[in-house]
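Here the structure comes first, spelled out in structure tokens, and everything after it is commentary.
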Amino acid sequence: MDVTKLDSAKSSLTLDKDMNTDVKTSEISESAQPNAKKRNRRKERSRKKKLSPPANQDDDISGQIQLLSLQHAVPISNGCDTICDVVTSSVNDDMPENKHGGLEINVTSPSKKRSKKKKNVALASIQKLGECNGESKEIPSVPEVLLERSHSPSIDPTNSVKEKPRGRKRNKPALKLGEDGSPTKSNVKGKILADQKASRVEKIPFMHRGKSHDTDQQYFKKISNSSQVNYKQEGIGARRRNNRSFESTLNENKFEDHLQRELVENMMKTQSNVVKGFIRINQRNFREAYINSPDGSRDILIDGVKDRNRALEGDEVVVLILPEGQWKTADGCQRVGKVIHILTPVHHREAVGTLKKMQDNNSRVVLFSPRDSRVPRLQIPMKECPRNPKDWENCLFHARITEWNDVRYATGRLLGDSFGVQGDIEAETRAILLENEIDAAPYEESLKVFFPEPPFVPTESDLKEREDLRDLCIFTIDPLTARDLDDAVSCELLENGNFKVGVHISDVSYFLGEGTPLDREVAKRATTTYLVQRAYHMLPRELTMMCSLLPGEDKLAFSVFWEMTPDAEVVSHYFTRSVIHSCTQLAYEHAQVMIDEPDHQWKEGELPQIHGPWTVEDLKKVVTSLQKLAAIMRKHRFDTGALRVDQTKLMFHLNNSGEPESFSAYVNKESHRLIEEFMLLANMTVATALQRRFPKLAFLRCHDEPQPDMLKKLAETLEKFGIVLDVSSAGSLHASLQRCRSDSTDPRFLALNSLCSRPMVRARYFCASAIEDVQYMRHYALNVPLYTHFTSPIRRYADVMVHRLLCSLLGYSDEPKWNVDHVNNIAATCNKMKFCAKKAGEQSNELFLALWVKKHGCIEEEAVVIDVKDHSFDAIICSTGSNIRVYTDKLAASVEFKNDFVPQLVIVWGIDGTSQNSAQIVTMFSVVRVALRISNTNLLKLEASLIPPNAQH
């Protein structure tokens, strides 16, 4: 500092023994001056100065002191505000400027007078410091440190910086200096000192409260005895480190901002390390998420919730692939990325869970713990929750995420009161529906005006331009209890020896007018959901029954006819709108008996009622003819490259109370395959016709090839077990599986099917214009170029879209005036809801299986191992097809994990009553016995423990 400036600063102050008297006189003159308006204007000017620090912070010492007092001042009890302000500013510079996680930083003093006094005291202290070091001696460290410490960003008035409310003004006495240059307290009132100390404690960030500090004189002497100001006083470094640690914690728990959509779309075009995809979150480890790699290589890993950046299961996201140094190399090279934008938030941001108190006993919020671990925990305002925490116990609540800024918790609100207790069938069913976005509410009465009142009897106008098939032997083959009968079949022998085969599908689009409020609501639901105890229909119940092809009633239909040779070769085909009269409703069991025992003598009551002139013999003739054709068609399909991977499906028998009495695995027999073959043929025939007529708007369904990296890795793993898997095509994979099939009940074949299903991707609906290259419209598993869904319009909205296009193709209506975005949106909704309905059905099976185990206690089952880890293994329960994880940490045996050639667990059991041991090796395809029981923490979750091989059955 220039000596002249220092002298000038000194001469501007009168530091003598009557300093306190001068201050009091100045205060009296100030208080006698202005009226209220002038005082308010001064306050406003002072406030603006505090929020907008001087642009040039290096002008002179007084400017630096003023800036520091405005931005960084923390008054302390000794009155030496400036010296302590400089030291304290080194701590506050590392603190965030706004409010984070409850940390409040008071940037300025609210009182103009206090600021002026603080400035005067600061100048006095600097002057005295100069005297202590000699008048002609420069003090370089003061301006240097001020320059270094005061370069914090200017305060944005829009930031949520919380100031202390303005209180009663309190005049501060100036510091009186003794003759020896040291500060004295002789004329400082004890009350003022106490007020200043309290003010200091109140303004210091909470993390620094309670720390010991030097007394006023001790602190001043430490600085006065040095020719330079030492800013590394004891405790300051630790405080700065604590600040940085706290700020680092804040940053770790804060998400990055999403980039703008326009920017990420441009980045995807110009940068190869920016890709998009649908995110999948590991159910067992929510910190791991993945998206498919666009080039078909190994999935891209998103490691940690922070890098997932608020994306939830199923969301379409844009991911930035991180530098190669951050990739995972533990199990081969895996690229790692982070989410920078959410293109489409597919997840509904809702969850089902339970309430509990916060761990810190925060009385303002309650912790909502979702049952789906992939959804973040929520902080719910206490005012939305039942007042008595005992009312929360074992109760299920429905909540929605309203904001998610903290990695650890999201903010949410409850959607209504508790809807039941855990373990109750109806409450658990409600939870399944809510978690999977299934709208189970009955249709409003106002929507029922958009279809005819039941019972519906077709009139002449309804039959106009329809082919009358009421004199044809047509019937349905469905599950025994089915009521939504979409499809019926017919078959008659032609004079030339060929067969005329017909598939007749309910004409739902005739009743469901496009664009009506009812149509929009049906499109949202998109599919019927089948749970164990009931079905939740896509259509209103009255319309479902009106469209259902029930026997003995005239029904409107869309029909597809083929002329086929006895070798199942298609000669020709045509489509028509029709009216049919189904003669009976056969179950799969009835059709199977006709196939297995053609000469079976049916007794009265064994078959459902047969309407019209038809007899059992007529039905048998149709069934056996269709079966012969279907068997040839099926063989041809698989010979030409189709693939089928079977999964176990459970069927439950319920008692009158709706509880499970027993269960069995669903067996796919010839009668099922008969219907399957002709439905596939109808769908493929319609798809080809629509793509030819509507190349831009055709509503189709494709199945992409499996993830090649996963499939290749699976083949390499299986080769170590002597299983050769040709993964070059769907057909070669199917042939490989069939070579390994010795018995359909073979546990190892069950495991192999499960392993092969993992690399598969889900089939999806799409608008034809969304895919430019026709080869990407293929259906991998069926090995056909074009496919769609036409045969189930009562339970799938996708089929309704197809019917409308087919109706236009046949000239019954004008060409739909759809735009591509509309069709794409419908396809996206159908894809989402089809998957949600599938998950809901699987969860319903798990629910009733858990209830059955709970009812019967611990049960023993055979399981086959499909994956081995260091402390556990995954297995499939052979009787149910359920996947379960078995932990080995708490076994009464020694367990060693080895991964020399293939992963395996070596378990050494002690033999009861002897000193001998029995060794068990668990690896992939090992068949083990496990004990199933209900979890102690989740009433409807199964747990399994390994049973020693030498234990008695």
Side-chain angles (χ1 to χ4, degrees), residues 278 313-316 344-350 432-444 447-448 450-451 484 486-487 505-531 534-544 547-548 679 683 686-687 690 697-703 762-768 770 787-806 816 818-844:
F278 292 93
E313 176 70 18
D315 288 353
E316 186 180 21
T344 309
V346 176
H347 193 279
H348 60 320
R349 269 62 183 168
E350 295 178 10
I432 290 171
L433 296 173
L434 290 172
E435 284 181 328
N436 292 287
E437 302 180 63
I438 308 298
D439 187 352
Y443 279 89
E444 297 177 3
L447 296 178
K448 296 180 181 179
F450 294 101
F451 58 85
D484 51 345
D486 296 274
D487 55 87
I505 308 300
S506 174
D507 191 0
V508 175
S509 62
Y510 184 78
F511 299 99
L512 186 62
E514 183 177 359
T516 64
L518 174 61
D519 181 50
R520 290 194 290 271
E521 181 61 29
V522 172
K524 289 179 185 176
R525 303 194 184 200
T527 185
T528 294
T529 301
Y530 295 96
L531 304 187
R534 68 178 67 95
Y536 294 91
H537 294 284
M538 176 185 75
L539 299 174
R541 182 165 185 80
E542 296 87 345
L543 184 55
T544 297
C547 295
S548 183
M679 297 305 113
N683 290 333
V686 172
L690 294 186
L697 294 180
F699 197 91
L700 304 173
R701 184 169 176 80
C702 68
H703 183 211
R762 294 199 295 265
R764 58 188 173 87
Y765 300 108
F766 68 97
C767 177
Y787 189 69
T788 193
H789 274 164
F790 159 75
T791 55
S792 298
I794 293 178
R795 60 185 179 92
R796 290 190 304 232
Y797 191 77
D799 301 56
V800 175
M801 294 287 288
V802 170
H803 277 226
R804 287 171 179 164
L805 288 171
L806 187 59
W818 300 339
N819 60 52
V820 173
D821 289 340
H822 168 72
V823 181
N824 281 330
N825 290 336
I826 294 292
T829 302
C830 291
N831 288 329
K832 175 184 174 180
M833 297 313 299
K834 184 175 178 65
F835 181 62
C836 288
K838 180 176 181 291
K839 285 195 301 179
E842 292 170 351
Q843 291 172 7
S844 180

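For the single chain, residues carry numbers from 1 onward in sequence order.
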Is there a donor-acceptor pair under 3.5 Å between the side chain of [X] and the backbone N or O of [Y]?
| X | Y | value |
| --- | --- | --- |
| T791 | N683 | no |
| T527 | R795 | yes |
| T829 | N825 | yes |
| N819 | D821 | yes |

Rounded to the nearest 0.5 Å, what separation is found between the [atom1] atom of [X] and the [atom2] atom of [Y]?
| X | Y | atom1 | atom2 | answer |
| --- | --- | --- | --- | --- |
| L433 | Y536 | CG | OH | 5.0 Å |
| H348 | C836 | NE2 | SG | 7.5 Å |
| E435 | E350 | CD | CD | 11.0 Å |
| F699 | L805 | CZ | CG | 9.0 Å |
| I794 | D799 | CD1 | CG | 10.5 Å |
| K448 | L543 | NZ | CG | 10.5 Å |

>> Can you tell me how the ring of H789 sits relative to the ring of Y787, calling it parallel under 30°, perpendicular over 60° and tilted otherwise?
In response: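 Perpendicular.
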>> Does this structure show an ion pair linking R349 with D315, if we count only N-O contacts that are shorter than 4.0 Å?
In response: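 Counted as a salt bridge, because a side-chain N and a carboxylate O are separated by less than 4.0 Å.
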[X] to [Y] - nearest heavy-atom pair and separation:
| X | Y | value |
| --- | --- | --- |
| I826 | A523 | CD1-CB, 4.3 Å |
| P793 | M538 | O-CE, 3.4 Å |
| C547 | S506 | O-OG, 2.7 Å |
| A840 | L531 | O-CD2, 3.5 Å |
| A698 | L690 | CB-O, 3.9 Å |
| C830 | A798 | SG-N, 3.9 Å |

Side-chain contact, heavy-atom cut-off 4.5 Å: [X] with [Y]?
| X | Y | answer |
| --- | --- | --- |
| M801 | Y765 | no |
| P540 | F451 | yes |
| D484 | Y530 | yes |
| D439 | K524 | no |

> What residues, two or more places apart in sequence or in another chain, satisfy salt bridge (charged side-chain N to carboxylate O under 4.0 Å, His left out) together with R762?
Replying inline: none
>> I'd like to check the side chain to side chain contact (heavy atoms under 4.5 Å, CB included) partners of A770; sequence neighbours left out, ordered by chain and number.
In response: N824
>> Are there over 12 heavy-atom neighbours, none belonging to K832, within less than 6.0 Å of that residue's NZ?
In response: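 Result for NZ/K832: enclosed.
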>> Using side chain to side chain contact (heavy atoms under 4.5 Å, CB included), reason through Y797 and L512 one step at a time and then give a plain yes or no.
In response: CA-CA 11 Å; Y797 191 77; L512 186 62; 4.2 Å; yes
> Step by step, would you call V346 with E313 a side chain to side chain contact (heavy atoms under 4.5 Å, CB included)?
Replying inline: CA-CA 8 Å; V346 176; E313 176 70 18; over 6 Å; no
> Would D486 and V508 satisfy side chain to side chain contact (heavy atoms under 4.5 Å, CB included), going step by step from the backbone distance to the final call?
Replying inline: CA-CA 9 Å; D486 296 274; V508 175; 5.7 Å; no
> Yes or no on side-chain hydrogen bond (donor to acceptor under 3.5 Å, both in side chains) for S509 and D507, after CA distance, side-chain angles and deciding distance?
Replying inline: CA-CA 6 Å; S509 62; D507 191 0; 3.1 Å; yes
> Tell me the salt bridge (Lys or Arg N to Asp or Glu O under 4.0 Å) pairs involving residues 508-523, sequence neighbours left out?
Replying inline: D519-R804, E521-R525
